[in-house]
Every structure is written in C-alpha cells, then in structure tokens.
2 protein chains.
Amino acid sequence: MKNKVKRFAAIQEIISTTVVGSQEELLQKLSEKGFELTQATLSRDLKQLKVSKTTNSQGEYIYQLPTRNLQDEGRTFGNDFPRSNAFLSIEFSGNIAVVHTRPGYASSLAYEIDETAKGTIIGTVAGEDTIIAVIKENKTAKDVTEALSKIIPSIK
Amino acid sequence: MKNKVKRFAAIQEIISTTVVGSQEELLQKLSEKGFELTQATLSRDLKQLKVSKTTNSQGEYIYQLPTRNLQDEGRTFGNDFPRSNAFLSIEFSGNIAVVHTRPGYASSLAYEIDETAKGTIIGTVAGEDTIIAVIKENKTAKDVTEALSKIIPSIK
DNA sequence: ATATTTTTTGCATAATTTTGCAGCGGTAAC
DNA sequence: GTTACCGCTGCAAAATTATGCAAAAAATAT
C-alpha cells in the first residue's frame with residue numbers, strides 16, 4: 001500500500017524529533033498529521049522499523065530508531081535485477097521525468113539513473129517511491145527512455 | 001546493595017549473549033543463575049540500565065544494551081498543529097508546483113496530494129517542509145489549485 | 001478483464017510491561 | 001534508643017504492547 005511508505009517516514013520523523021512515551025501518544029501525533037491507524041498496526045509498524053523503546057537521561061520512556069537503518073524488510077535486493085524490479089512507471093512533463101518505484105526503492109534506482117543517464121538527465125531527487133529527474137536541455141523523453149532501457153529493459 | 005550490582009551484571013551478561021523475548025523469560029534465566037526477583041523489579045532494572053526492547057533480523061523481539069552513544073532527544077517542536085494547518089503556501093514555475101508546509105508535515109500532505117490530484121499531478125517528492133510536484137502536461141496551475149482545494153480549502 | 005495470492009488492517013483479546021503503594025532494612029542525625 | 005529518611009522490593013492493578021483471526025485491499029498471475 002502506498003500509504004505505508006509515507007506513514008513509515010512520518011513515524012520516523014516524529015520519533016526522531018519529539019519525545020513520545022507510548023504508542024497511543026505516537027498514534028495521536030500521527031493522527032494530527034493525517035495518518036489514521038490503530039495501535040495494533042502501529043505496533044507492527046514499529047516492529048518492522050525496528051524501533052525500540054528505551055529510557056532517556058531524564059528517565060522517561062522514549063522510542064528510538066535503530067542506529068543503522070537497514071530497512072530492507074527482506075525483499076530481494078542483491079540477488080536478481082533490483083533495478084528492473086524496483087521500476088514501476090515513468091511519465092514525462094516538460095523537462096521533467098517522474099519515475100515511480102516500489103516502496104523504498106526510489107533512492108537506489110535514482111542512483112542507477114544518475115549513473116546511466118548522465119548524458120540526458122542533469123539530476124534527480126528521490127523520495128520513498130518517487131523520483132523526479134530533470135532532463136537536459138534539447139534532450140527529449142525518447143532520449144531518456146532510450147538511455148534508461150539499458151538498466152530497465154521493460155521500459156520499452 | 002551489592003546484590004543489585006551483581007544482578008545488573010547478570011542481566012547484561014544474559015541479554016548480550018542470548019535471545020530473550022520477554023521479561024518473564026529473562027527472569028527465568030536469572031533464576032537459574034540464582035537471582036530471585038519479580039518481574040516488577042526486573043522492569044525497573046531494565047529501565048535503570050536503559051535496556052531497550054527491539055526486533056532482530058529474524059523478526060524476534062530481543063532486549064538490547066544501550067550503545068554508549070546517548071544521543072540527546074532533539075527538539076520538541078510543535079506537534080499540536082491541526083492537520084489543516086500543515087499547508088503554508090503553493091507556488092508554480094512552469095510545470096512544477098512547490099508546496100511549503102509546516103516542518104515535518106510535507107510527507108503526509110504529499111500523500112494527500114498524490115491521492116487527490118492524480119489527474120493533474122504525475123508525482124511528488126517530499127522533504128521536511130517542502131513538496132515538489134510535477135504537473136501533468138497540458139494541465140495548468142489553476143487545475144492544480146482546483147484539485148487541491150478539496151483538501152486545502154484555504155488555497156483559494 | 002478475472003482469478004489467485006499476498007499484504008495490510010482492525011477488532012478483540014492475550015501477553016507483557018509499568019507503576020502506586022506499603023513494607024522492609026539500612027543509615028544518619030538527634 | 002528513637003526518629004526520619006531513603007533506596008529496594010513485592011504485590012496487585014493499571015497501562016501498554018503484541019498477536020490470532022477474519023476481512024479488505026493490493027499485487028500478481030492467468
């Protein structure tokens with residue numbers, strides 16, 4: 001679900017910037033940001049994100065992100081073709097290309113794109129599941145798809 | 001109390017060398033080592049030791065000793081803004097719309113935008129307080145504001 | 001498209017964790 | 001010796017968190 005990716009981002013953002021002492025409290029803050037879910041789901045989210053509950057120096061309970069965020073979630077990453085796996089769609093508007101990816105794969109695919117399409121794309125920005133790429137002047141959408149077909153055969 | 005010191009050492013030794021999923025389980029192992037206490041006391045011990053409960057790579061719950069890095073808990077900035085207030089401004093340039101939000105609200109608002117303006121926006125990328133949205137070809141800024149007015153009435 | 005499989009979610013409840021309170025034992029001041 | 005205080009503990013209850021299950025939603029295959 002699309003929602004989950006952004007919800008994960010919101011959870012991480014909240015617990016890294018504020019003191020939250022319980023899941024109910026975190027739920028409340030998520031709700032204020034427009035994410036509606038139950039405590040059960042949040043518990044499962046925290047488990048997936050490997051968030052831990054611990055005590056800060058003031059003796060309050062707090063939630064903490066893992067020190068190194070390996071956010072793989074056990075998907076096939078290194079084995080197969082991660083690039084073609086990650087890719088979902090591409091769409092153009094003017095000098096911008098918007099690439100949608102599977103949740104969490106945007107930045108890795110953006111890296112591949114940067115490398116591969118240096119001649120036709122001047123830069124990319126990646127979110128969780130979306131990449132925005134700026135196309136070089138006097139290059140076309142066709143040039144982009146051609147360049148990207150090297151790493152994404154399915155792009156046609 | 002001397003007993004407590006030894007008990008603390010035993011707790012640290014156990015949770016750093018074995019997988020324990022609950023306090024009852026840890027209690028059991030402490031008992032095997034000759035420490036008799038109740039789960040209530042253990043809970044307080046763990047709080048003092050700043051032990052955290054988290055998830056390992058196998059998806060099991062485990063207890064974890066603190067890393068020496070005691071990271072401060074960061075700013076506790078406004079978390080009580082109503083959601084309608086997340087939006088601050090929107091500005092257009094060519095086929096790009098830039099939305100500013102209150103700090104931290106960008107990704108949740110981006111989610112709303114993705115959902116609401118599917119027909120006029122082909123993709124968004126969100127940072128902390130800024131969203132970049134790419135407008136579909138032959139759609140206009142007016143189309144965008146109209147679509148967004150559903151979720152942001154103040155957008156005019 | 002339709003069908004099948006997988007993932008996500010809420011509900012209700014179970015399991016676990018936290019805490020208020022009172023008692024105990026030790027210590028220091030009087 | 002008595003009193004006051006303080007940290008530690010268990011008990012019981014409250015609070016919080018985790019999960020089995022069924023339904024809904026998405027993803028994927030046909």
Side-chain angles (χ1 to χ4, degrees), chain A residues 1-11 14-15 19-31 34-56 58-64 71-76 80-81 84-89 100-105 128-130 154, chain B residues 1-11 14-15 19-31 34-56 58-64 111 114-115 118:
Chain A
M1 204 196 217
K2 205 169 184 189
N3 195 343
K4 202 175 174 185
V5 176
K6 293 197 172 169
R7 194 178 67 216
F8 273 24
I11 289 171
I14 291 173
I15 67 183
V19 174
V20 186
S22 74
Q23 294 183 6
E24 292 293 347
E25 211 178 318
L26 179 49
L27 218 49
Q28 173 61 26
K29 299 196 176 186
L30 282 166
S31 165
F35 295 94
E36 297 299 337
L37 65 160
T38 61
Q39 176 272 322
T41 299
L42 180 54
S43 170
R44 285 180 275 238
D45 282 1
L46 295 179
K47 187 174 187 178
Q48 274 190 55
L49 290 170
K50 299 201 189 313
V51 167
S52 59
K53 187 185 187 181
T54 185
T55 312
N56 68 11
Q58 276 84 56
E60 305 166 305
Y61 286 104
I62 57 166
Y63 288 85
Q64 202 176 42
Q71 201 172 328
D72 240 29
E73 230 178 280
R75 305 216 183 223
T76 47
D80 299 292
F81 266 115
S84 51
N85 228 15
F87 176 82
L88 288 182
S89 68
H100 283 284
T101 70
R102 291 195 192 285
Y105 287 78
E128 308 289 333
D129 55 12
T130 304
S154 61
Chain B
M1 261 295 160
K2 231 169 201 177
N3 191 16
K4 198 174 177 184
V5 175
K6 286 182 183 170
R7 196 177 67 218
F8 274 24
I11 290 172
I14 292 172
I15 66 182
V19 173
V20 275
S22 73
Q23 295 183 6
E24 291 294 348
E25 211 174 310
L26 179 48
L27 218 50
Q28 174 62 27
K29 303 203 171 182
L30 282 166
S31 167
F35 295 94
E36 296 299 337
L37 66 160
T38 60
Q39 177 273 324
T41 298
L42 181 54
S43 171
R44 283 180 275 241
D45 283 0
L46 295 179
K47 186 175 186 176
Q48 275 189 52
L49 290 170
K50 300 202 188 311
V51 167
S52 59
K53 186 185 188 181
T54 185
T55 312
N56 68 11
Q58 278 86 55
E60 305 165 306
Y61 285 104
I62 58 165
Y63 289 85
Q64 199 176 47
Y111 167 67
D114 283 344
E115 293 295 299
K118 236 166 212 156

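Labels below follow one simple rule: chain letters A, B, ... track the order of the sequence lines, proteins then strands, and each chain is numbered from 1. What you see is a predicted model, and the numbers here were worked out from it, not measured in a lab.
No hydrogens or angles were tested; on distance alone, a donor-acceptor pair under 3.5 Å links the side chain of B:R44 to the base of D:dG10.
Residue A:K47 has a polar side-chain atom (N or O) positioned under 4.0 Å from OP1 or OP2 of D:dT19. Distances shown here put a side-chain N or O of A:Y61 below 4.0 Å from the OP1 or OP2 atom of C:dT19. Here A:S43 reaches the OP1 or OP2 of D:dA18: one of its side-chain N or O atoms lies under 4.0 Å away. The shortest distance between the side-chain N/O atoms of A:T41 and the OP1/OP2 oxygens of C:dG10 is below 4.0 Å. For A:K53 and D:dT16, the shortest distance from a side-chain N or O to OP1 or OP2 is not below 4.0 Å.
Interatomic distance, CG of A:L26 versus CG of A:L42, reported as 5.0 Å (0.5 Å rounding). With rounding to the nearest 0.5 angstrom, the NZ atom of A:K53 is 6.5 Å from the OH atom of A:Y61.
Regarding A:L37, its CG atom lies at a distance of 17 Å from the P atom of D:dT19, rounded to whole Å. Atom pair B:E36:CD and D:dC11:P shows a separation of 12 Å (rounding to whole Å applied). In this structure, A:I11 atom CD1 and D:dT17 atom C1' are separated by 15 Å, rounded to whole Å. Residue A:Q28 contributes atom CD, which lies 13 Å from atom P of D:dT16 at whole-angstrom precision. Look at CZ on B:F8: it is 10 Å from C1' on D:dC8, rounded to the nearest Å. Whole-Å rounding puts the A:L27 CG to D:dA15 C1' distance at 15 Å.
Using modelled atom types, no side-chain atom of B:E60 and backbone atom of B:N56 make a donor-acceptor pair closer than 3.5 Å.
Each of A:G21 and B:Q48 was assigned the nucleotide of DNA chain D with the nearest heavy atom; the assignment lying further toward the 5' end belongs to B:Q48.
Inspection of the A:S31 and A:E36 side chains reveals an N or O donor paired with an N or O acceptor under 3.5 Å.
In terms of heavy-atom proximity, B:F35 sits nearest to B:A10 at CE1-CB, 3.5 Å.
Considering only side-chain atoms of B:T38, the nucleotide from D:dG10, D:dT19, C:dT18 that sits closest is D:dG10. Among D:dT16, C:dT19, D:dT9, the nucleotide with an atom closest to any side-chain atom of A:Y63 is D:dT16. The side chain of B:Q39 approaches C:dT18 more closely than any other nucleotide in the set C:dT18, D:dC11, D:dA18.
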